[in-house]
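Here's the structure we're looking at; comments come further down.
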Amino acid sequence: MIRDEIIELVGRALHAAQAAGDLPQFAAPEVTVEHPQRTEHGDFSANLALRIQGLAKMKALEVAEALRRHVPAHEAVSEVRVAPPGFLNLYLGAGWLAGQASAIADAGERYASSDRGAGQRIQIEYVSANPTGPIHVGNGRGAAIGSTLANVMVAAGYDVEQEYYVNDAGTQVAIFGRTLYARYQQLFGRDVTVPENGYPGEYVLDVARGIKDQAGDRFLRPEGEEPSAELGQLGIQVMVDHIREDLALMGVEYDRWYSERSLQAEGGAYNRVLDLLRQQKHVVEREGAVWFASSELGESKDNVLIRSDGMPTYYATDIAYHYDKFIERKFDRVIDIWGADHQGHVSRVKAAVAAIGGDPSKLDVLLYQLVALRRGDQAVPLSKRAGEIVTLRDVVEEVGKDATRFFFLLPSANQTMDFDLELAKKQSDENPVYYVQYAHARIAGILAKAVEQGISADGADASLLTHEAEQTLLRKLLLLPEVLETVVDDLGPHHLPHYAQDLASAFHVFYTQCRVIDAENPDLSRARLLLLEAARVVLARTLGLMGVSAPEQM
RNA sequence: GCGCCGGUAGCUCAGUGGAUAGAGCAUCAGUCUUCGGAACUGACGGUCGGGGGUUCGAAUCCCUCCCGGCGCGCCA
């Protein structure tokens with residue numbers, strides 16, 4: 001991308017200046033450039049002179065001037081200036097910029113893809129909500145973040161595997177099984193109530209009904225007896241199917257659904273990992289429970305692996321799961337995306353990864369802060385009476401997949417957010433989703449009209465794209481590769497919707513100022529159609545990565 | 001009490017070492033005989049939570065205090 005070429009140019013200028021004796025010899029720091037806020041400061045600005053003034057024992061302005069004299073010629077760069085207190089400002093040439101229209105249009109949907117990831121195998125695990133209930137609004141945020149990040153990393157050349165960890169074992173599942181059995185018995189007229197600590201939601205009754213329709217009274221046992229484990233597992237399966245459907249409504253698809261239970265099954269990683277930890281003397285028994293002596297590894301406390309009732313904790317199976325990720329499946333990198341309420345879990349999982357022979361620096365845990373639901377000024381409680389919650393499905397069905405994803409992506413992950421249902425639904429200028437999609441539909445409309453009138457971009461002379469609005473739009477189009485790199489480096493998908501709004505804005509300005517289809521100016525029309533094609537490509541790509549549709553009309 | 005996250009324009013948020021701190025919405029004032037007005041232009045609006053420090057340069061890094069959210073050994 002152009003930014004990296006500019007960095008390269010500045011680096012070469014430094015070496016050339018040193019070789020020519022205009023600057024003294026010293027080890028050069030890494031060169032960085034940025035986009036100045038003010039356009040008169042150029043397209044790229046390097047602060048190198050300011051940073052090396054001490055090393056050079058010269059005034060920053062003089063260093064910058066020495067650098068400027070040695071910047072090699074480059075087809076994209078029309079001018080290099082020095083500005084106080086010592087910036088080196090580089091300007092892109094109008095002709096080169098104009099030429100990018102055809103380069104982008106030709107790249108099509110591959111535009112902004114890169115091989116930065118070099119095929120590195122990376123696993124992204126997200127949502128992974130307990131299958132004991134429907135997936136709720138907060139999980140939706142994780143879904144939007146995770147799947148968007150996955151899309152972008154694929155575009156950046158990573159070999160990505162998206163995974164949902166199904167907590168189909170443990171206490172909560174057992175409680176779900178007992179709740180389900182109570183509901184199941186109710187369907188046969190037995191006077192039983194949902195257990196005290198059970199799941200009061202109506203959905204469990206629906207699950208029971210479905211099982212009764214399929215299997216009749218097969219799971220009914222004499223009164224007072226415990227339910228079969230099979231019933232619970234069947235119920236979990238039904239819940240997982242629902243979760244899969246709910247996430248599919250949001251455009252989220254996984255490569256793999258990984259069963260926690262399978263870890264504990266014969267040949268699963270759980271026993272091997274426990275043996276491994278025992279061998280390494282990381283395990284102590286105390287108060288009837290088995291503990292991971294994590295405080296010896298710098299953690300603030302020890303953590304229970306096996307409870308006094310003999311059941312493994314979530315933590316224990318999670319260690320086994322990460323053993324599977326790092327040691328057995330040998331992912332180069334692992335990203336876990338969790339709600340902020342799991343924050344306390346982060347350092348102990350990292351400690352465990354180190355203990356089992358993994359490299360904790362290859363584990364990134366992306367935490368997102370919690371979501372509150374709003375309808376205008378009105379707060380919407382996430383859980384209503386009797387265990388009923390506002391589900392993700394409710395939200396998607398009310399405001400649509402596009403608005404749901406866009407709104408979840410907008411704030412950075414470590415910002416708590418209010419999801420405003422009223423705003424997300426609004427078809428007005430208050431709603432940024434429509435602003436961006438409208439830009440795409442508008443372009444599609446003009447392109448369709450051009451086809452109608454028999455005009456095309458074939459043989460366009462891009463060098464006619466000299467209007468300020470055209471050049472501003474071109475600059476925005478060139479930014480997408482940098483945005484994708486930032487998303488990958490910061491694990492920050494929120495940059496995408498912000499960029500999308502900027503891009504849409506640049507297009508709308510262009511549209512207002514520049515007539516595209518103009519019978520009086522066929523050459524300019526062709527050139528502008530080419531620019532439109534490029535803009536459409538970039539807008540569609542940006543929306544596509546977010547999992548938001550790019551409509552031809554609205 | 002300890003840990004993590006946040007505090008930036010009236011509201012919702014970008015911006016994590018650069019130049020005069022940005023955007024959307026809201027408010028006010030404008031733009032259309034032509035490709036989609038779900039648009040465009042301008043104005044108004046800031047002690048970047050407070051204080052101290054580091055630096056040529058701090059919203060950004062360090063220290064400290066205040067406020068809010070989340071979490072803190074047998075839930076996940």
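The model shown is predicted, which means the values in this text are computed figures rather than measured ones. What you see below is based on every heavy atom in this structure, not just the backbone, and it leaves out hydrogens, waters and symmetry mates. Letters A, B, ... are given to chains in the order of the sequence lines, protein chains preceding strands, and every chain is numbered from 1.
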Any A:Arg51 side-chain nitrogen or oxygen under 4.0 Å from OP1 or OP2 of B:U55: no

Minimum-distance nucleotide to A:Gln37 side chain [options: B:A21, B:A76, B:C70]: B:A21

Under 3.5 Å on both distances, the Watson-Crick or G-U partner of B:A14: none

Identity of whatever pairs with B:G6 - Watson-Crick or G-U, under 3.5 angstrom: B:C67

For B:C40, the Watson-Crick or wobble counterpart (both distances under 3.5 Å): B:G30

Closest to the A:Gln343 side chain, choosing from B:A39, B:C35, B:C4: B:C4

d(CZ, A:Arg307; P, B:C75) in whole Å: 5 Å

Sugar-phosphate, base or nothing in reach of A:Ser428, heavy atoms under 4.0 Å: nothing

Sugar-phosphate, base or nothing in reach of A:His495, heavy atoms under 4.0 Å: sugar-phosphate

Identified pairing partner of B:C48, criterion: Watson-Crick or G-U wobble below 3.5 Å: none

Sugar-phosphate only, base, or nothing, as touched by A:Gln172 at under 4.0 Å among non-hydrogen atoms: sugar-phosphate

Chi-based syn or anti call at B:G68, which uses purine or pyrimidine torsion atoms and a 90° bound: anti

Result of checking A:Leu423, A:Asp420, A:Leu421, A:Val371 against A:Phe407 for side chain to side chain contact (heavy atoms under 4.5 Å, CB included): A:Leu423

Between P of B:C56 and CG of A:Leu48, the distance in whole Å: 17 Å

Ring-on-base stacking B:A19 with A:His41 (under 5.5 Å, under 30°): yes

Any side-chain donor near an acceptor of the partner, A:Gln369 and A:Arg141, under 3.5 Å: no

Check: A:His345/A:Asp318 side-chain N/O donor and acceptor closer than 3.5 Å: yes

Sugar-phosphate only, base, or nothing, as touched by A:Gln553 at under 4.0 Å among non-hydrogen atoms: base

A:Thr317 and A:Glu260 side chains, donor-acceptor separation under 3.5 Å: yes

Lys/Arg-Asp/Glu bridge criterion (N-O < 4.0 Å) met for A:Arg375, A:Glu398: yes

N/O (side chain, A:Ser300) to phosphate O (OP1/OP2, B:C72) under 4.0 Å: no

Aromatic centroids of A:His467 and A:Phe510 separated by under 6.0 Å: no

Contact under 4.0 Å: A:Asn414 side-chain N or O vs B:G6 OP1/OP2: yes

Of the listed nucleotides B:C74, B:G36, B:G18, the one nearest the side chain of A:Glu287: B:C74

Per A:Arg38 side chain, nearest of listed nucleotides B:U34, B:U20, B:G18: B:U20

Sugar-phosphate, base or nothing in reach of A:Tyr511, heavy atoms under 4.0 Å: base

Contact list for RNA chain B against residues 517-537 of chain A - heavy-atom distance below 4.0 Å: A:Ile517

Pair partner, B:U60 [Watson-Crick or wobble, under 3.5 Å]: none

Residues A:His508 and A:Arg442: side-chain donor-acceptor under 3.5 angstrom: yes

Test item: side-chain donor near acceptor, A:Ser525 and A:Asp518, under 3.5 Å: no

Sugar-phosphate only, base, or nothing, as touched by A:Arg374 at under 4.0 Å among non-hydrogen atoms: nothing

Separation of atom CZ in A:Phe407 from atom C1' in B:G24, rounded to whole Å: 11 Å

Paired nucleotide for B:A19 [Watson-Crick or G-U wobble; both distances under 3.5 Å]: none

Sugar-phosphate only, base, or nothing, as touched by A:Met311 at under 4.0 Å among non-hydrogen atoms: nothing

Pair A:Asn167, A:Gln172: side-chain N/O donor-acceptor within cut-off below 3.5 Å: no

Atom pair OG1/NZ of A:Thr404 and A:Lys401 - distance to nearest 0.5 Å: 10.0 Å

Sugar-phosphate, base or nothing in reach of A:Glu299, heavy atoms under 4.0 Å: nothing

Touch class at under 4.0 angstrom, heavy-atom based, for A:Gln453 against every strand present: nothing

Touch class at under 4.0 angstrom, heavy-atom based, for A:Val509 against every strand present: sugar-phosphate

Side-chain N or O of A:Gln415 closer than 4.0 Å to phosphate OP1/OP2 of B:G69: no

Test: A:Arg348 cationic atom under 6.0 Å from A:Tyr315 six-membered ring centre, within 45° of axis: yes

Contact under 4.0 Å: A:His494 side-chain N or O vs B:G15 OP1/OP2: yes

Distance, rounded to the nearest Å, where A:Leu366 contributes CG and B:C5 contributes P: 13 Å

Spacing of A:Gln501 atom CD relative to B:C40 atom P, expressed in whole Å: 11 Å

Closest-nucleotide 5' rank along RNA chain B - winner of A:Gln513 and A:Asn89: A:Asn89

Gap between atoms CG and P, on A:Leu409 and B:A14 respectively (whole Å): 12 Å

Value rounded to 0.5 Å, distance of CG in A:Leu367 from CD in A:Gln343: 7.0 Å

Under-4.0 Å side-chain N/O to phosphate OP1/OP2 contact, A:Gln369 with B:C5: no

A:Arg374 to A:Phe419, cation-pi by 6.0 Å centre distance and 45° axis angle: no

Partner nucleotide of B:G1 by Watson-Crick or wobble geometry (both distances under 3.5 Å): B:C72

Whole-Å distance separating the CG atom of A:Leu496 from the C1' atom of B:A23: 16 Å

A:Arg526/A:Asp458 under salt bridge (charged side-chain N to carboxylate O under 4.0 Å, His left out): CA gap, chis, key distance, verdict: CA-CA 7 Å; A:Arg526 275 196 291 277; A:Asp458 288 349; over 6 Å; no

Sugar-phosphate only, base, or nothing, as touched by A:Asp490 at under 4.0 Å among non-hydrogen atoms: nothing

Among B:G73, B:G71, B:A19, the nucleotide that comes nearest once only the side chain of A:Trp291 is considered: B:G73

Between P of B:A14 and CD of A:Glu482, the distance in whole Å: 20 Å

B:A19 pyrimidine/purine six-ring stacking with A:Phe87, under 5.5 Å and 30°: yes

Side-chain-base donor-acceptor pair under 3.5 Å for A:Ser45 and B:A19: yes

Sugar-phosphate only, base, or nothing, as touched by A:Ala340 at under 4.0 Å among non-hydrogen atoms: sugar-phosphate

RNA chain B contacts made by residues 431-441 of chain A, counting heavy atoms under 4.0 Å: A:Tyr434, A:Tyr435, A:Tyr438, A:Ala441

Nearest-angstrom distance, P atom, B:U16 to B:U60: 12 Å

No-H, no-angle donor-acceptor pair, A:Asn47 side chain to B:A19 base, under 3.5 Å: no

